[in-house]
Amino acid sequence: MSGQSEKTKAPPPTEAVDTASLDKASLGAQVQTPTKPVRIWAVIGGAILLFQLYVWIRWVSGPHFEQVPAGPSDPPTLMKAILITWTGVTLLGFPVGVYFFIVRPWRRERRITLDGMLLVSCGLLFFQDPLLDYFNTWCTYNSWLWNMGAWTQDIPGWQSFGEPGHMLAEPLLMNAPGYSYGVLLCTILGCWVMRKVKARWPGISNIGLIGVLIAWSFFFDLVMEGLFLMPMGLFTYPGAIRSLTINAGHYYQWPIYEGLMWGGVQAGLCALRYFTDDRGRTFVERGLDRVRGGMARQQFTRFLAIFAACSAFFFVFYNVPVQWFAMHADPWPKDIQKRSYFTSGICGDETGRLCPDPALPTTRDGSATIGPDGKVVPPKDRKLPTIVPFDRGH
């Protein structure tokens with residue numbers, strides 16, 4: 001195992017082998033070698049990438065590609081100034097990240113390094129960002145930022161409410177580039193922490209090292225999200241379980257399980273980058289040398305495999321467990337409901353829809369809702385079902 005994922009160590013000297021001495025049985029065993037991990041991971045990565053492209057194309061070409069307005073509430077001047085500044089920094093940092101992690105290494109080594117692969121893979125993780133609202137809306141972004149809604153309603157089986165102009169508002173200018181080099185930089189920092197811990201306690205096991213990283217990622221996320229990104233008004237967790245939340249009741253309330261789930265994702269990404277072989281390859285790249293078709297095909301296979309692993313970490317450690325917390329969400333705080341740029345036309349004032357609450361049934365997109373007067377509001381162009389009497393015979 002090596003913490004320097006991009007440095008290649010010289011292989012140990014080996015004795016010359018007389019190929020003529022290889023018998024037919026050994027040659028046959030080589031031919032029948034089972035499919036290597038890199039091929040399996042690449043197929044998974046290719047399927048995920050095609051699915052993401054399919055959903056994004058449906059979104060861009062469909063009715064939900066529409067800006068979600070901020071509404072009548074105007075964010076504080078300081079909040080707007082910070083959001084504009086942070087968006088500008090994020091946009092300017094993207095080409096810098098592309099140069100340092102892709103262009104410069106290519107000019108030096110004529111290849112895309114692991115960090116370059118991770119830069120693109122982390123950027124594509126942006127697709128999974130809104131999946132935490134799959135069954136119930138418990139996280140929203142500030143719709144004052146430029147947006148074109150989100151691709152949520154084009155994801156098969158999506159349950160949460162959303163319609164053009166009234167839905168989760170993904171801040172494209174900030175999140176699209178931010179996921180790429182932002183997550184990568186956090187991953188590089190995490191690997192640095194792992195190296196420091198390993199140097200301080202050489203006998204620590206790999207499991208212990210990952211445990212330390214999860215703890216580090218938890219506190220890092222608390223500082224970045226809970227103490228910076230959320231107070232500045234980028235997003236909010238209105239459905240957070242208050243007994244498990246810091247600053248409960250405020251628009252910047254931060255659920256501690258958010259830090260644990262993202263800590264798992266970050267630990268997976270850091271482990272992928274940190275634990276490499278003597279050629280700087282991750283566990284999903286095993287068997288890469290057996291991929292035929294030239295360097296281009298080999299590198300594309302490598303990218304798909306790495307992308308699949310990154311996607312799996314995000315989906316398994318975050319978007320799967322978060323559904324349970326979303327289905328057990330607490331009432332939306334008044335501090336959030338009074339700010340239209342956080343409700344995004346999903347619920348609350350001027351919408352005719354009550355915001356998610358444990359006292360209300362969890363509805364799916366297109367189902368009946370409970371209006372502010374307590375009466376059932378049928379879905380558009382549909383009638384409520386009626387009770388069918390039993391057949392009691394004659």
Side-chain angles (χ1 to χ4, degrees), residues 1-15 34 36-38 40-41 100-101 105 109 111 113-119 121-122 125 181-227 244 246 254-289 302 305-322:
M1 300 299 180
S2 168
Q4 303 296 331
S5 60
E6 294 305 322
K7 293 183 179 179
T8 303
K9 298 179 181 179
T14 58
E15 296 181 0
K36 294 299 181 179
V38 68
I40 299 174
W41 283 101
F100 273 97
F101 295 115
E109 307 175 34
R111 69 187 183 96
T113 63
L114 174 57
D115 284 343
M117 297 284 185
L118 288 173
L119 179 76
S121 297
C122 290
L125 291 183
Y181 74 91
V183 174
L184 175 58
L185 290 178
C186 291
T187 302
I188 294 174
L189 179 60
C191 289
W192 176 82
V193 171
M194 295 174 75
R195 289 194 298 272
K196 290 296 182 181
V197 172
K198 188 67 175 179
R200 178 65 178 82
W201 296 284
I204 190 172
S205 65
N206 292 340
I207 298 298
L209 197 59
I210 293 176
V212 171
L213 183 62
I214 292 176
W216 153 260
S217 298
F218 173 85
F219 287 105
F220 184 77
D221 191 67
L222 168 61
V223 173
M224 284 298 297
E225 285 196 7
L227 303 182
L244 300 174
I246 297 175
W254 184 79
I256 60 176
Y257 46 87
E258 159 68 19
L260 293 173
M261 292 185 297
W262 183 252
V265 177
Q266 198 63 75
L269 296 174
C270 291
L272 180 70
R273 183 178 184 272
Y274 183 87
F275 296 114
T276 56
D277 61 18
D278 57 357
R279 301 180 65 182
R281 291 180 176 176
T282 65
F283 72 94
V284 299
E285 299 172 70
R286 293 174 183 172
L288 186 63
D289 291 332
R302 180 190 178 209
I306 294 172
F307 169 58
C310 294
S311 299
F313 293 141
F314 197 177
F315 187 77
V316 173
F317 295 134
Y318 192 100
N319 278 318
V320 169
V322 78

Report summary line: Minimal heavy-atom distance between C270 and M194, with the atoms involved, is CB-SD, 3.9 Å
Query raised in the report: Would you call F283 and D277 a side-chain contact if the rule is heavy atoms closer than 4.5 Å?
Result: no
Query raised in the report: In Å and rounded to the nearest 0.5 Å, what is the CZ to CG distance from F101 to L118?
Result: 9.5 Å
Requested in this report: Check whether any side-chain heavy atom of F220 lies under 4.5 Å from a side-chain heavy atom of V223, and answer yes or no.
Outcome: no
Report task. Go through the structure and list residues passing ring-ring contact (aromatic ring centres under 6.0 Å, His included) with F219, not counting sequence neighbours. Result -> none
Distance-only donor-acceptor hits, side chain of residues 211-218, under 3.5 Å, sequence neighbours excluded:
{"residue": "S217", "atom": "OG", "partner": "L213", "partner atom": "O", "Å": "2.9"}

**Report entry** Full working for side-chain contact (heavy atoms from CB on, under 4.5 Å) between R279 and D289
**Finding:** CA-CA 12 Å; R279 301 180 65 182; D289 291 332; 2.6 Å; yes
Query raised in the report: Any idea which heavy atoms bring P105 and F100 closest together, and the distance?
Result: CD-O, 3.3 Å
Which donor-acceptor pairs under 3.5 Å do the side chains of residues 305-316 make with protein atoms, sequence neighbours left out?
{"residue": "S311", "atom": "OG", "partner": "F307", "partner atom": "O", "Å": "2.9"}

Report summary line: The reported gap from CE in M261 to CG in N319 (rounded to nearest 0.5 angstrom) is 8.5 Å
Requested in this report: Any chance you could measure T276, atom OG1, to E285, atom CD, to the nearest 0.5 Å?
Outcome: 9.0 Å
Query - Student check: side-chain heavy atoms of T282 and M117 closer than 4.5 Å - result: no
Query - Counterpart residues, side chain to side chain donor-acceptor pair (under 3.5 Å), relative to Y318 (two or more places apart) - result: E258
Requested in this report: Not counting sequence neighbours, which residues clear side chain to side chain donor-acceptor pair (under 3.5 Å) with T187? List them please.
Outcome: Q266
Query raised in the report: Rounded to the nearest 0.5 Å, how far does CH2 of W262 lie from CG of D221?
Result: 8.0 Å
Report summary line: So CD1 of I188 and CG of L269: to nearest 0.5 Å the spacing works out to 11.5 Å
Query raised in the report: Closest heavy-atom contact between R286 and K36?
Result: O-CB, 3.5 Å
Query - Euclidean distance, K198 NZ relative to I204 CD1, rounded to 0.5 Å - result: 7.5 Å
Report task. Dump the intermediate steps for side-chain contact (heavy atoms from CB on, under 4.5 Å) on W192 and L189, then the final yes or no. Result -> CA-CA 5 Å; W192 176 82; L189 179 60; 4.1 Å; yes
